[in-house]
Every structure is written in C-alpha cells, then in structure tokens.
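Right, one structure below, let's go through it.
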Amino acid sequence: MQNIFKGDGVIWIIFFLLCIVSVVEVYSASASLGYKSGNYWFAVTYHTALLFVGLLFMIVVLNIPCRYFKAMTPVMFILSVVLLVLVYFVGTKENDAARWLKIGFIPLQPSEIAKGTLVLTTACILSQLQTPEGVSPKAFKYIMGTSLALIGLVLPENFSTAALMFLVVFIMMFIGRVPVKRLLGLFASIVGMAVVFVMLVMLLGKSKTQLADNAKSDAKEYVETADEQKEQEEQEERKGIWHRADVWKGRIESFFDSKDVPPEKFDMDNKGQEGRARIAIASSRVIGVGPGNSIQRDLLPLAFSDFIFAIIFEELGLLGAGFVAALYILLLFRTGIIAQKCENTFPALLAMGLALMIVVQALFNMAVAVGLAPVTGQPLPLISKGGTSSIINCIYIGVILSVSRTAKRRMSTPPQTMEEKTINA
C-alpha cells in the first residue's frame with residue numbers, strides 16, 4: 001500500500017476525508033434525481049466512479065517527477081487555448097453559457113483545464129525569472145500576457161471562474177516576489193475595470209421584472225414562427241459577451257438587495273436557490289439533522305452541485321460544516337509547509353498555486369451558500385457532483401503529492417555535536 005499511496009500522508013488523509021463527505025452528501029442531495037429517474041443509486045454510483053477514475057489519475061501523476069511538469073507548459077497552454085476557442089463554436093450550452101465540449105460520451109469543461117494551465121504557466125515564468133533581488137520585471141509582462149489570453153477566453157461564458165483565476169494568479173505573483181508597486185497598480189486597474197463592467201451590465205442587462213413583463217407581452221401579442229425564433233436567437237448571439245448581461249444583472253441586484261422581506265412575501269420563484277439555502281442553514285443548529293435527513297435537498301435546485309454546502313450544513317450542522325471548511329484550510333497550510341521545504345522555486349509555486357485554486361474556489365462556494373457572495377455557479381471542489389472538475393481536482397492533488405515526494409528539499413542545518421557546542425561556547 002505504501003508503494004501506491006506515496007507522498008505526504010496528511011494530504012492523503014484530507015483527500016480521503018473529503019471524498020467520504022462527498023459520497024455521503026451527493027447520495028443524499030441527489031435524492032430528487034433518483035426519484036425522477038427511478039434509480040436511486042445511479043447518481044452516487046456515477047460520482048463514486050468518477051472519484052475512482054480521478055484517484056487512478058492522481059496515482060499516475062504523483063509518480064511523475066515534478067521537474068517534468070515544467071516541460072509540459074507549452075503543450076498545456078496551446079491545448080487550453082484551442083479547447084477554449086472550440087467551446088465557442090461547438091460547445092454545449094448550460095444556463096445560457098457555452099461551457100462544455102463533448103468528446104464522444106465524455107463531457108469536458110475546458111475552463112477546468114485552463115485553471116491548472118494558468119497556474120503551471122505562472123509558476124514556470126516566476127521560477128525562470130527569479131533573481132537575488134526579486135523577480136525580473138519581465139515576469140510581470142509575461143504573466144499578464146498569458147493570463148489575458150486564458151482569462152479573456154473564459155470571461156464571456158464564465159465570469160466567476162475568470163475572477164477565480166485572476167485572484168489565484170495575483171496571490172502567486174505576491175508569493176513569487178513581484179514588486180508590490182506593480183501589484184497595487186494592477187489591483188487599482190482591475191477595480192476600475194470592474195466598476196465600468198458592472199455599470200455596463202446594469203445599463204445593458206434586463207432585470208427579472210423586465211424579462212417577466214416582456215415574456216407576458218410577447219405571449220399575448222403572437223406566437224413566434226420558427227423563422228422569427230431563429231432570427232431572435234441570432235440577434236442574441238450577436239450580442240457577444242453581453243448575452244449573459246441579464247443573468248449577471250439579476251445576480252448583482254439580488255445580492256445587493258438589502259430590503260427586509262417577510263418570509264411570506266419572499267420571492268421563492270426568482271430567489272429559490274438563495275431562499276432554500278438559507279432555510280437549510282437556519283434549520284441545521286449545531287449537530288444538524290443527520291446524514292440523509294435533509295428536507296431542502298428535494299426543493300433546492302442543484303443541491304448536489306453548487307449548493308451542496310447548504311445540504312452539508314443542514315445535515316451535519318455547524319460542527320460538520322466547520323469540519324469541512326477546516327479540511328480545506330488544512331490542505332492549504334499543509335501545502336505551504338511542503339512548498340517551504342522545496343529548494344527550487346518552480347515546484348513550490350506550482351503546489352501553492354494548485355492548492356490556492358482548490359481552496360479559494362471552496363471558499364467562494366461556501367460564501368455563496370451562506371449569503372456572503374452573489375451566486376457564482378462554482379462547485380465545491382472534491383465534494384460536489386461533477387464530471388471534469390472532480391477528475392481535474394484529483395489531478396491537482398496528485399501534482400501536490402508529486403512535489404511532496406520528488407521535489408529537491410532545502411538542506412537543513414545539522415545538529416551540533418557536544419564538541420562543537422563547547423567550542424562555540
């Protein structure tokens with residue numbers, strides 16, 4: 001068994017604990033899927049099979065010496081760009097966003113591959129351009145160029161993933177000793193662009209009330225023919241990046257709506273996800289209602305994916321939810337210890353970047369569930385029911401384990417002998 005499960009033991013324990021929570025909670029949260037399909041075991045069996053496939057990939061990756069990952073950078077970058085471009089033309093739409101490619105019967109989400117590729121590229125650039133005084137000024141330009149290429153392709157269809165990628169790269173540049181002045185300038189520029197972006201979304205997007213009124217008026221006036229409907233769809237496609245402005249505006253308005261609404265007047269039709277998640281958390285108390293006893297799982301849309309943390313809160317209570325959150329924080333701290341022991345910069349930055357990608361996404365998901373962030377559509381890594389994301393996150397863990405076992409370690413100062421202590425004294 002030791003020849004198979006190599007690498008840092010703490011990382012392995014965290015991984016298996018997250019997988020156990022995942023299997024139990026996905027089985028509970030996907031009860032409505034089982035009721036509709038008549039097969040109560042399909043969802044959890046499929047998810048468990050994906051985790052097992054991810055485990056196999058993880059074992060393969062951890063046996064690859066970490067120095068070979070740097071050589072893969074150009075290939076992964078080109079592959080990610082090609083897949084992100086292809087998803088615009090032949091991608092499968094989900095919630096009005098083209099995010100998936102179907103390769104045979106396997107659904108592939110290119111943005112998941114792009115996240116790891118961006119971390120790999122950033123770690124490679126920062127390690128190559130390190131100097132005794134800090135990183136070379138060229139590193140900032142190269143990182144911005146590669147980041148804009150990947151994040152720019154992800155942004156139109158998946159704003160939350162693009163924001164996640166930028167945040168992780170920003171932290172990696174800080175760790176990689178990029179001058180603080182450049183980072184502050186970048187931060188100020190991003191804040192300015194974000195303000196302009198939100199203003200455009202609020203100006204060009206339609207609120208849920210406007211959309212509902214338009215739908216009612218259209219239904220009263222006429223029934224569209226196939227040609228008219230096709231023309232309308234083409235007009236929507238020509239809107240480019242702004243074809244999701246309505247969705248973004250709705251989420252922004254919902255998040256910043258500070259009005260106190262009585263429970264009987266809460267709009268469960270338009271804010272069902274947020275409302276059901278709050279009910280699940282409010283009814284959890286300290287120890288929860290117990291695994292499999294959730295009530296909101298049958299009423300909460302995407303309870304097994306985007307809002308699975310609310311179901312964890314309801315069933316396992318404050319203690320269980322805190323334990324899950326602590327596992328992610330421990331993963332980040334343990335990876336930090338592994339990175340600190342690395343003699344070379346590349347494996348240290350690579351491991352930290354991948355751990356940050358997992359943990360920051362987990363914090364995003366938890367913040368949405370408890371109402372501290374607008375709805376983003378980010379699954380809970382290694383726990384939510386998923387396809388590509390489950391396998392890719394297992395590969396990320398495999399890379400961290402590879403760094404823990406194959407990266408060259410710093411030489412520690414040997415303990416002094418009694419004679420040396422006497423001489424020094």
Look at the side chain of [X] and the backbone N and O of [Y], then say whether any donor-acceptor pair between them is shorter than 3.5 Å.
{"X": "T388", "Y": "Q109", "value": "yes"}
{"X": "Y396", "Y": "G116", "value": "yes"}
{"X": "E314", "Y": "I281", "value": "no"}
{"X": "Q361", "Y": "L164", "value": "no"}
{"X": "S22", "Y": "L18", "value": "no"}
{"X": "T121", "Y": "T117", "value": "yes"}
{"X": "S384", "Y": "D306", "value": "no"}
{"X": "S402", "Y": "I64", "value": "yes"}
{"X": "R409", "Y": "E343", "value": "no"}

For residues [X] and [Y], determine if any side-chain heavy atom of one lies less than 4.5 Å from a side-chain heavy atom of the other.
{"X": "F307", "Y": "I311", "result": "no"}
{"X": "C342", "Y": "K408", "result": "no"}
{"X": "V196", "Y": "M193", "result": "no"}
{"X": "V61", "Y": "F69", "result": "yes"}
{"X": "T122", "Y": "C124", "result": "no"}
{"X": "L56", "Y": "V60", "result": "no"}
{"X": "L108", "Y": "I113", "result": "yes"}
{"X": "P110", "Y": "V85", "result": "no"}

Going through the distances and angles, do E315 and S28 end up as a side-chain contact (heavy atoms from CB on, under 4.5 Å)? CA-CA 9 Å; E315 295 190 346; S28 177; 2.4 Å; yes

Ignoring hydrogens, what is the shortest heavy-atom contact between [X] and [Y]? Give both atom names and the distance.
{"X": "V154", "Y": "A162", "result": "CG1-N, 4.0 Å"}
{"X": "S390", "Y": "H47", "result": "OG-CE1, 4.0 Å"}
{"X": "N365", "Y": "P379", "result": "ND2-C, 3.5 Å"}
{"X": "I312", "Y": "I383", "result": "CD1-CG2, 4.0 Å"}
{"X": "V178", "Y": "R182", "result": "CG1-CB, 4.4 Å"}
{"X": "L84", "Y": "A114", "result": "CD1-CB, 3.9 Å"}

Step by step, would you call L183 with M173 a side-chain contact (heavy atoms from CB on, under 4.5 Å)? CA-CA 8 Å; L183 294 179; M173 286 193 291; 3.8 Å; yes

Quick check for you: to the nearest 0.5 Å, what is the distance between [X] atom [atom1] and [Y] atom [atom2]?
{"X": "R177", "Y": "L349", "atom1": "CZ", "atom2": "CG", "value": "10.0 Å"}
{"X": "Q128", "Y": "T73", "atom1": "CD", "atom2": "OG1", "value": "9.0 Å"}
{"X": "I400", "Y": "I358", "atom1": "CD1", "atom2": "CD1", "value": "5.0 Å"}
{"X": "L350", "Y": "S127", "atom1": "CG", "atom2": "OG", "value": "9.5 Å"}
{"X": "I392", "Y": "L382", "atom1": "CD1", "atom2": "CG", "value": "11.5 Å"}
{"X": "S136", "Y": "K141", "atom1": "OG", "atom2": "NZ", "value": "9.0 Å"}

Once you measure the plane-to-plane angle for W12 and F15, does it fall in the parallel (<30°), tilted (30-60°) or perpendicular (>60°) bin? perpendicular

What orientation do F16 and F5 show, parallel under 30°, tilted 30 to 60°, or perpendicular over 60°?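 The arrangement is perpendicular - the two ring planes meet at more than 60°.
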
Decide if atom CZ of F57 counts as having more than 12 heavy atoms of other residues, nucleotides or ligands within a radius under 6.0 Å. no

Which pairs of donor and acceptor atoms, one on a side chain in residues 318-338, lie under 3.5 Å apart (sequence neighbours left out)?
residue, atom, partner, partner atom, Å
Y328, OH, P381, O, 2.4
R334, NE, D8, OD1, 3.1
R334, NE, D8, OD2, 3.0
R334, NH2, D8, OD1, 2.8
T335, OG1, L331, O, 2.7

Ring centroids only, cut at 6.0 angstrom: are F309 and F313 within range, meaning strictly under it?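 For F309 and F313, the ring centres are under 6.0 Å apart.
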
Could you please spell out the steps behind the side chain to side chain donor-acceptor pair (under 3.5 Å) verdict for E112 and S389? CA-CA 6 Å; E112 293 294 329; S389 61; 5.1 Å; no

Candidate pair T146 and L150, rule side-chain contact (heavy atoms from CB on, under 4.5 Å), full reasoning: CA-CA 6 Å; T146 54; L150 293 175; 5.6 Å; no

Could you tell me if Q378 and T161 have a donor-acceptor pair between their side chains, going purely by distance under 3.5 Å?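 Q378 and T161 do have a side-chain donor-acceptor pair below 3.5 Å.
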
T345 side chain to Q130 side chain, donor-acceptor N/O pair below 3.5 angstrom: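 Checked: T345/Q130 side chains show no N/O donor-acceptor pair below 3.5 Å.
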
Which residues pass the ring-ring contact (aromatic ring centres under 6.0 Å, His included) test with Y27, not counting sequence neighbours?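 Once residues adjacent in sequence are excluded, the partners of Y27 under the ring-ring contact (aromatic ring centres under 6.0 Å, His included) criterion are W41.
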
Test side-chain contact (heavy atoms from CB on, under 4.5 Å) on R67 and F346 and set out the steps. CA-CA 8 Å; R67 64 179 181 273; F346 172 73; over 6 Å; no

